[in-house]
Chemist: 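So that we are looking at the same thing, I have put the structure below in structure tokens.
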2 protein chains.
Amino acid sequence: MNSQYTIAVHCLIVLAKTPDHVWNSESLSQKVHAHPARIRKIMSSLRKNGLVETKEGLGGGYRMGCDPRACTLARIYQSISCEPLKLSWCATGCAQDPEFDRIRSVMDFAFTGAERGLEEYLDHWSIDSLIKRTEQSVTQEPETMAAGINEQMNAHIKKIGGEG
Amino acid sequence: MNSQYTIAVHCLIVLAKTPDHVWNSESLSQKVHAHPARIRKIMSSLRKNGLVETKEGLGGGYRMGCDPRACTLARIYQSISCEPLKLSWCATGCAQDPEFDRIRSVMDFAFTGAERGLEEYLDHWSIDSLIKRTEQSVTQEPETMAAGINEQMNAHIKKIGGEG
DNA sequence: TAAACTGTATCTATTATAATTACACTAATC
DNA sequence: GATTAGTGTAATTATAATAGATACAGTTTA
Ligand code: FES
Ligand code: FES
């Protein structure tokens, strides 16, 4: 998972906490420790997905573009499209091998399911819930959430037929 | 997901299909299109996790070290420890910021759950089930198989993209 | 002892990622 | 309408991650 994702989340937390303030790329970059041009690029992706509002010109900048309760880690994930589960195959020579094609199809199939499960899981976390959690200092074990998601994954397996 | 993982899976499929044969790193490397030294390194990790048997010396090499039905994508994932969901943070300056520490804790918490869910999902796929699936696709027309998978993938995409 | 292997470290090449620079375009204000 | 402060985005450079290549110590068989 590249840092674009964590920076995007960090920025959205900052924006959600200050709904009335317009941040420019310079001030945001200081807040989240990344280069202003990089902030602009990331914010631009988030704008295209309706997560932030951007405004050009004098006095312009960034502000929250959606309800923090609806701004889930899944939507951010889709906006950034970092594809951490994308399979990478060896550099050369795979194309000619028909056996390899079949292996790749099946693996891609399995990991499409994995990706979908991940997105469903991430959909349970919103910027709002993250902020609330940072405000409570006590942490609870992740078991509960993992258990809930396991049900969904089992449903998915059943639907697409993981085991034979 | 780096290619170590796909190479490991590929090798295990080869080994599982030929339980009586001992492959050396040279012959395996030709089969899966990677450098022999890399194969040795990957096989070494798999041996440490009991997935393959390795033998040094003359006539040595690699063979399957477990039941292909028990050799799940999760166990391979754990052996390779590629950590695709590991969060990466911006390079500099995060350490001093106490607010950042809390954000990182919560994000780590969320993604620990994601990782567990992923491993539980991957535990439903075994080398044996992958092989069976590749054999199904042989008996079927390859285009039908490809179309079927595409349908599944499109259904996933539709569901995911539909909210936007 | 020689041959054929794995195991592993190290160096180099390649690729992916991030930082930086640059500049066209936009909008507010004087 | 000119100036100023901002985004959007491409191009370049620097850095980090990954993969390939080489080398050689250790192991087993013959
Ligand atoms: S942490 Fe969000 S950026 Fe340093
Ligand atoms: S390695 Fe080329 S594909 Fe398994």
Side-chain angles (χ1 to χ4, degrees), chain A residues 1-8 10-11 15 21-30 32-49 51-65 79-94, chain B residues 1-8 10-11 15 21-30 32-49 51-65 79-94:
Chain A
M1 199 72 130
N2 62 27
S3 61
Q4 276 184 63
Y5 186 74
T6 48
I7 291 172
H10 199 163
C11 288
L15 298 182
H21 192 256
V22 174
W23 296 75
N24 62 28
S25 61
E26 177 60 30
S27 56
L28 249 188
S29 78
Q30 283 170 15
V32 308
H33 329 114
H35 196 275
R38 210 171 168 217
I39 298 294
R40 294 202 286 271
K41 205 166 133 194
I42 293 169
M43 290 299 102
S44 184
S45 303
L46 296 181
R47 182 208 53 200
K48 285 167 188 162
N49 288 270
L51 301 183
V52 302
E53 277 177 23
T54 76
K55 198 180 164 196
E56 296 179 44
L58 194 148
Y62 306 101
R63 91 182 76 174
M64 201 65 185
S79 304
I80 298 298
S81 52
C82 43
E83 301 188 318
L85 297 183
K86 186 180 172 187
L87 297 174
S88 65
W89 300 92
C90 68
T92 52
C94 301
Chain B
M1 200 70 131
N2 63 26
S3 61
Q4 276 185 60
Y5 186 75
T6 50
I7 290 172
H10 199 164
C11 288
L15 297 183
H21 192 258
V22 173
W23 296 75
N24 62 30
S25 61
E26 176 60 31
S27 56
L28 249 188
S29 78
Q30 284 171 14
V32 309
H33 328 112
H35 196 276
R38 207 169 172 219
I39 298 294
R40 294 202 288 270
K41 204 166 133 193
I42 294 170
M43 289 299 102
S44 185
S45 302
L46 296 181
R47 182 208 54 200
K48 285 166 188 164
N49 288 271
L51 300 183
V52 301
E53 277 176 24
T54 76
K55 197 179 164 194
E56 297 180 43
L58 194 150
Y62 306 100
R63 91 181 76 174
M64 201 65 184
S79 304
I80 299 298
S81 54
C82 43
E83 302 188 314
L85 297 183
K86 187 181 171 186
L87 296 174
S88 64
W89 301 92
C90 67
T92 52
C94 301

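In what follows, chains are A, B, ... by sequence order, proteins preceding strands, each numbered from 1.
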Chemist: Is it true that a side-chain atom of B:Asn49 and a backbone atom of B:Leu51 form a donor plus acceptor pair closer than 3.5 Å?
Modeler: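 Not at all, since once roles are kept as given, no pair shorter than 3.5 Å links the two residues.
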
Chemist: Identify which nucleotide among D:dG6, D:dA23, D:dT4 has an atom closest to any side-chain atom of A:Glu56, counting heavy atoms from C-beta outward.
Modeler: D:dG6

Chemist: In whole angstroms, how far is the C1' atom of C:dT17 from the CD1 atom of A:Ile42?
Modeler: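 Value for this atom pair: 12 Å.
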
Chemist: Just to confirm, is there a sub-4.0 Å distance from OP1 or OP2 of C:dG7 to any side-chain nitrogen or oxygen of B:Thr54?
Modeler: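 Yes, B:Thr54 has a side-chain N/O under 4.0 Å of OP1/OP2 on C:dG7.
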
Chemist: Looking at every strand, decide which applies to A:Gly60 at a 4.0 Å heavy-atom threshold: base, sugar-phosphate, or nothing.
Modeler: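 Sugar-phosphate, no base atom in range.
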
Chemist: In whole Å, what is the span from the CZ atom of A:Arg40 to the P atom of D:dT9?
Modeler: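 Taking atom P of D:dT9 as the reference, CZ of A:Arg40 is at 11 Å.
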
Chemist: Check this one for me: any side-chain N or O of A:Arg47 less than 4.0 Å away from OP1 or OP2 of D:dG8?
Modeler: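 Answer is yes, contact under 4.0 Å.
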
Chemist: With DNA chain D as reference, determine whether B:Ser3 or A:Met43 sits nearer its 5' end, using the nearest nucleotide of each.
Modeler: A:Met43

Chemist: With a 3.5 Å distance limit and no angle check, can you tell me whether B:Ser88 reaches the backbone of A:Ser3 through a side-chain donor-acceptor pair?
Modeler: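 Flag set: sc B:Ser88 to bb A:Ser3 pair under 3.5 Å.
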
Chemist: For A:Tyr62 and C:dT26, what is the distance between atoms OH and C1' respectively, to the nearest whole Å?
Modeler: 13 Å

Chemist: Nearest whole Å is fine: how far is C:dA19 P from A:His33 NE2?
Modeler: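 In whole Å, C:dA19 P lies 12 Å from A:His33 NE2.
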
Chemist: Taking only side-chain nitrogens and oxygens of B:Ser44, does any of them come within less than 4.0 Å of OP1 or OP2 of C:dT8?
Modeler: yes

Chemist: What integer distance in Å separates B:Glu83:CD from D:dT18:P?
Modeler: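 Roughly 10 Å, once rounded to whole Å.
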
Chemist: To the closest 0.5 Å, what do you measure between CG (B:Leu28) and SG (B:Cys11)?
Modeler: 4.5 Å

Chemist: Check the phosphate of C:dA28 against A:Lys55, side-chain N and O only, distance under 4.0 Å to OP1 or OP2. Yes or no?
Modeler: yes

Chemist: Working to the nearest 0.5 angstrom, can you tell me the gap between A:Leu15 CG and A:His10 NE2?
Modeler: 10.5 Å

Chemist: Atom NE2 of A:His35 to atom P of D:dT15: distance rounded to whole Å?
Modeler: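 Result: 14 Å.
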
Chemist: When you check the phosphate oxygens OP1 and OP2 of D:dG6, does a side-chain N or O of A:Ser25 lie under 4.0 Å from one of them?
Modeler: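 For A:Ser25, the contact criterion (side-chain N or O under 4.0 Å from OP1 or OP2 of D:dG6) is not met.
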
Chemist: Is there a side-chain polar atom (N or O) of B:Lys48 under 4.0 Å from OP1 or OP2 of C:dT8?
Modeler: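 Affirmative; the distance criterion is met.
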
Chemist: Do the side-chain N or O atoms of A:Arg38 get closer than 4.0 angstrom to the phosphate oxygens (OP1, OP2) of C:dT20?
Modeler: no

Chemist: Under 4.0 Å: is that the gap between some side-chain N or O of B:Tyr5 and OP1 or OP2 of D:dT18?
Modeler: no

Chemist: Between CZ of A:Arg40 and NE2 of A:His35, what distance do you get to the nearest 0.5 Å?
Modeler: 8.0 Å

Chemist: Grab the CD-P distance between A:Gln4 and C:dA16 for me, whole Å please.
Modeler: 14 Å

Chemist: C:dG7 P sits how many Å from B:Ile39 CD1, rounded?
Modeler: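 To the nearest whole Å, that distance equals 12 Å.
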
Chemist: Between C:dT6, C:dT21, C:dT17, spot the one nearest the side chain of A:Asn2, thanks.
Modeler: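 Side chain of A:Asn2 sits closest to C:dT17.
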
